[in-house]
Amino acid sequence: MSRDQWGTRLGFILAAVGSAIGLGNIWRFPYVAASNGGGAFLFPYFFAIITAGIPILILEFAMGHKFRGGAPITFSRMKKQWEWLGWFQSAVAFFITTYYVAVVAWAVSYIFFAMTQAWGTDTKTFFFAQYLGLTDSPWKFGGLRMNILLPFIFVWTISYYILSKGIKGGIEKANKILIPALVVLTGVIVIRGLTLPGAIDGLNYLFTPQWDKILQPKVWVAAYGQIFFSLSIAFAIMIAYSSYLPPKTDIVNSAFITAFSNHGFELFAATGVFSVLGYMAHTQGVPVSEIASAGVGLAFIVFPKAINALPALKGFVGATFFTALFFAGMTSLISIIEAFLAGIMDKFNLPRQKALNICMGASFVISLIFVTGSGLMVLDIVDYFVNNFGIVIGGLIEVILVGWFFDLESLRKHANEYSDFAIGSWWNLMIKFITPLFLGFMTFQNIIENIKKPYEGYPLSALLAMGWGVFAACFILGIVFYSMKGNNDVMLQPTKEV
Ligand code: LEU
């Protein structure tokens, strides 16, 4: 069986950018930044991009490209036992999929709500009580929410359709349409936002550093977590995507384009969001910090409120924002599914359709928990643990193994082989020393903090089951899949040289 392949390099870059740009940029970044010191967050954020984001992206592109497989097979080709890490990262991707799809589904509902501002004036009650039917404990599920189930199935169906068409005919095509559309839609929001009175207060809030915050380890872990999440690194996606590249590819350039587009877009979208928030603060005479600190609900509670406050074209601006969120989410969602799908197809030598049915079937069933009344709380816990521990620790193990127990230099040479500009030995330095040191220290601190103080005051049983439990499940799934008999030795070759 020959391996699927991207049609063009542009197609690959668009898909990688599409994976990177997602809910993380529009929905997650503003609230993570807001709850970690606003502008103060930007310093660790940029630090993490340079020391970890870009170097790891280059690393993963080089690995996937060189070893031509999803994360498990790629790691196993580097060293047999490392296959476990590939499955651990795939399991992280699997769990992210289960809640990511729910947020994309909310975005779909909100496109319609936005048209008539169906959310009314009390957008908080609307979101929590009416839409989500939120219960008072993560353990009280309260049944499936039919109103969410519909958009939820819609999102699953589109993902299934795109993925069943394969790399070139499905993922590449979808990104070629959705990414340009997303840029235009976000541009509309940014222009609208910046031309509103008070916009500058919102931007000041985002860009003014509050230096006292940056001494807290949690802010740094959040920054690393956000960079990993946002760039789709350390959880199998970029390894899988680059495994479909033709042999002669400019790895370094592709990685830089992907990272710059992602972070550029992140700040671009945040400019739009924060200027609209600034306007709202301006009309209500309250500080932006009060408005921006809404956590997960920022996009679904605060933003609708800001839409209500607009002088004109409320329906249009609102629908534009949520359509952007939907498109951004779709292109990322398909990439997370592809991440573990590739692992399953490779190892068990299954045709795409069959592997897709198994992978999506399993994630669909688990994802139903996010369509219940306690969905938001479970999501908050899973997202927090998966990001701050699952992704970050997966990334940490990756850089330590590859940096210290593998011929890192050979990967640098591989990355440079067809690249317009070559990466120097600074790259080895980042992978070998800087990233593991920083990440290791921060993660350790963060584990201690979380043991001392349970996250967000959730019941311990819920944190154990849904937070630490999911994290432990990634380890176990890693071992289980690693021990299964598969077909690791079949090196699938690309069909043609481009
Ligand atoms: N990188 C994506 C985003 O920023 C998330 C990932 C899970 C695909 O939303």
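Computation of the quantities below employed the complete heavy-atom set of this structure, encompassing side-chain atoms and omitting hydrogens, waters and symmetry-equivalent molecules.
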Could you list the donor-acceptor pairs under 3.5 angstrom formed between side-chain atoms of residues 478-485 and any protein atom two or more places apart in sequence or on another chain?
unit_1, atom_1, unit_2, atom_2, d
Ser483, OG, Ile479, O, 2.4

Donor-acceptor list for residues 430-441 side chains, cut-off 3.5 Å, not counting sequence neighbours:
unit_1, atom_1, unit_2, atom_2, d
Thr435, OG1, Thr51, O, 2.5
Thr435, OG1, Met430, O, 3.1

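Residues passing the salt bridge (Lys or Arg N to Asp or Glu O under 4.0 Å) test with Arg28, sequence neighbours excluded: Asp383. For Asn357, the side-chain contact (heavy atoms from CB on, under 4.5 Å) partners two or more places apart in sequence, or in a different chain, are Tyr160, Gln353. Not counting sequence neighbours, Val183 has no partner by the side-chain contact (heavy atoms from CB on, under 4.5 Å) test. For Phe94, the ring-ring contact (aromatic ring centres under 6.0 Å, His included) criterion is met by Phe340, not counting sequence neighbours. For Lys173, there are no salt bridge (Lys or Arg N to Asp or Glu O under 4.0 Å) partners two or more places apart in sequence or in a different chain. Residues that satisfy the ring-ring contact (aromatic ring centres under 6.0 Å, His included) test with Phe260, not counting sequence neighbours, are Phe256. Qualifying salt bridge (Lys or Arg N to Asp or Glu O under 4.0 Å) partners for Glu398, counting only residues two or more places apart in sequence or in other chains: none. Contacts of Asp380 classified as salt bridge (Lys or Arg N to Asp or Glu O under 4.0 Å), with partners at least two apart in sequence or in another chain: none. Residues meeting the side-chain contact (heavy atoms from CB on, under 4.5 Å) test with Ala105, sequence neighbours left out: Pro151, Phe152, Val155.
Residues in residues 224-243 take part in these ring pair (Phe, Tyr, Trp, His ring centres under 6.0 Å) pairs, two or more places apart or across chains: Trp6-Tyr241.
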